[in-house]
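Written below as structure tokens is the structure these notes are about.
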Amino acid sequence: MTTGVNSHGAPSRTGARARQKEAGDFVGLRMAFRSRSCFVRVPGSERMTAAPRPKLSVILAAYNCADFVERSIRSALDQQGLSIEIVAVNDCSSDGTLAVLQAIAREEPRLRVIDSRKNLGPSGARNLAFDHAAGEWGAVLDADDALQPGALGPLVQIAEEREADIVAGSIRFFSHRRQEISGAVFREDAPITALGLKDFVEAARPQNREPDYGLLKPLFRIGFLRERALRYRTDIRHGEDFHFIVDALGAGARYILAREILSYIYTTRESGLSRTRVDYSRMIAETEKLARQAPYSEDPMVAKALTRRAEALRMHELNVLYGDATGLPSKLKVLARSLTSPAGQRWLKTKIAKRVVH
């Protein structure tokens, strides 16, 4: 157990300025893109200096995270072997998040901050950051999580050697309360694996042999995203990473999973840093909708995998509801709800069997 944390071409200048005006202003460095180079304007100075294109852009949506976002940013800065930038979107925060980002940006030129004057939500903020990203690769980082130091360089190398569009490493979990990282949750000695659409969907569900692949935080080849006009869905709040990857795989992306590289450290919900409650019912409905829609419905194996994911999510939701229920009436309500679906009925049978055994 580790016991600490260390810590699509480019848009035109006119287009970039239009997006700035609509969604917010850059705080810190302002960029205009040209071929594989960009020009950096230092506020208060008319001097322009050429800067090489970074290999990787870390995409960070920041909303009311003043107390912990610095840990996330420092972990992104603690990457060796490749040039990076961090594109952080202050998503109309009402606390001191913007001030924290500004303070770090004054000392760290690799951090660029976009101040959105409208709350876009995590997906909208990520889309905005991707619009302004200068890197060849993009890595999405949540404001309460962290990147494993030195992990992204090897991941990019693996992806480029295998001509991949998406690459992910393994994950572990960080307890803010205990200030420690969990042991391995993936087989970190497993060989590098290529994931097709069916493979990913089959593994992107709870109650599986490995953790839900929807939790993985991959790196994306930004050129591929722009060529295919791929965007995060802004109409859903939970499971947006899953849908983004499904869209990418449906568009022909090559996905490589390198479990041997620990790359992402999730902060557990019990830590209290994330205040949102997961909407499992919406996740189930959206997964079932995908199974009925082309092109996914036209591939029986993918459609079945999506159905199994929806069923697993339903059973997981019942586990969460039952665990959170206080008192007999609340628990009976959850049990009654389980009778409304085949997956729920299987969950109930399992629950009864466990009670009998114990």
Side-chain angles (χ1 to χ4, degrees), residues 1 63-65 67-68 94 121-123 142-145 171-186 201-216 233 235-243 265-292 303-358:
M1 177 179 291
Y63 175 71
N64 286 357
C65 53
D67 293 339
F68 49 85
S94 58
S123 292
D142 292 344
D144 57 341
D145 296 336
I171 61 174
R172 294 192 185 185
F173 297 95
F174 171 70
S175 170
H176 181 76
R177 188 174 302 163
R178 297 191 300 272
Q179 289 293 299
E180 66 182 24
I181 302 176
S182 72
V185 295
F186 279 88
V201 174
E202 191 68 65
R205 57 185 171 93
Q207 301 177 341
N208 213 349
R209 290 171 296 178
E210 287 190 298
D212 185 341
Y213 280 23
L215 294 175
L216 295 172
R233 286 181 55 178
D235 61 322
I236 53 176
R237 195 69 183 229
H238 298 104
E240 67 277 14
D241 292 307
F242 169 79
H243 287 270
I265 311 297
Y266 267 99
T267 299
T268 58
R269 287 190 167 270
E270 56 88 16
S271 300
L273 301 186
S274 176
R275 304 174 185 88
T276 60
R277 185 176 180 85
V278 179
D279 188 350
Y280 290 108
S281 295
R282 179 70 187 277
M283 291 174 66
I284 294 163
E286 291 295 334
T287 301
E288 292 174 332
K289 188 187 298 183
L290 274 182
R292 298 190 300 267
K304 288 180 181 178
L306 286 165
T307 299
R308 284 190 289 268
R309 179 178 192 265
E311 292 172 345
L313 284 169
R314 196 179 302 280
M315 296 174 73
H316 182 70
E317 178 187 35
L318 289 167
N319 274 327
V320 172
L321 292 173
Y322 193 82
D324 290 346
T326 57
L328 183 59
S330 297
K331 291 187 180 295
L332 288 174
K333 187 176 180 180
V334 178
L335 295 177
R337 179 172 178 168
S338 72
L339 298 173
T340 62
S341 69
Q345 292 167 20
R346 290 196 298 275
W347 172 86
L348 181 58
K349 288 179 181 178
T350 302
K351 202 78 176 172
I352 293 172
K354 288 181 178 179
R355 296 286 291 185
V356 169
V357 170
H358 297 289

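Counting from 1, the numbers follow the sequence of the chain as shown. This one's a predicted model, so the numbers in the text were calculated from it and none came from an experiment.
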Full working for side chain to side chain donor-acceptor pair (under 3.5 Å) between E317 and S281: CA-CA 8 Å; E317 178 187 35; S281 295; 2.7 Å; yes
Kindly indicate, with the supporting measurements, whether the criterion side-chain contact (heavy atoms from CB on, under 4.5 Å) is fulfilled by D235 and R282. CA-CA 11 Å; D235 61 322; R282 179 70 187 277; 3.7 Å; yes
Applying side-chain contact (heavy atoms from CB on, under 4.5 Å), run through D145 and F68 and close with a yes or a no. CA-CA 9 Å; D145 296 336; F68 49 85; over 6 Å; no
Take F173 and I265 through the test side-chain contact (heavy atoms from CB on, under 4.5 Å) and record every step on the way to the result. CA-CA 5 Å; F173 297 95; I265 311 297; over 6 Å; no
Using the side-chain contact (heavy atoms from CB on, under 4.5 Å) rule, take R314 and R309 through it: C-alpha gap first, then chi angles, then the decisive distance, then the call. CA-CA 9 Å; R314 196 179 302 280; R309 179 178 192 265; over 6 Å; no
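Of all the heavy atoms in A310 and I284, the pair that sits closest is O-CG1, 4.0 Å. The shortest heavy-atom contact between R172 and I181 is CB-CG2, 3.7 Å. Here the shortest heavy-atom pairing between A204 and G214 reads CB-N, 3.7 Å. L318 and G344 get closest at one heavy-atom pair: CD1-CA, 3.6 Å.
Between the OG1 atom of T287 and the CZ atom of R308 there is a distance of 13.5 Å, given to the nearest 0.5 Å. Expressed to the nearest 0.5 Å, how far CG of L321 lies from OG of S338 amounts to 10.5 Å. Atoms CG and OG1, from D144 and T267 in turn, are 5.0 Å apart once rounded to the nearest 0.5 Å. Going from atom CD of E286 over to atom CG of D279 covers 9.5 Å, rounded to the nearest 0.5 Å. With rounding to the nearest 0.5 angstrom, the CE atom of M283 is 8.5 Å from the CZ atom of F242. Atom OG1 of T268 and atom CZ of R178 lie 7.0 Å apart (nearest 0.5 Å).
A donor-acceptor pair under 3.5 Å links the side-chain atoms of S123 to the main chain of R233, judged by distance alone.
A 4.5 Å side-chain heavy-atom check between Y322 and W347 finds at least one atom pair inside the cut-off.
Of the listed residues (Q207, H316, R346, R205), just one forms a side-chain hydrogen bond (donor to acceptor under 3.5 Å, both in side chains) with E311, and that residue is R346.
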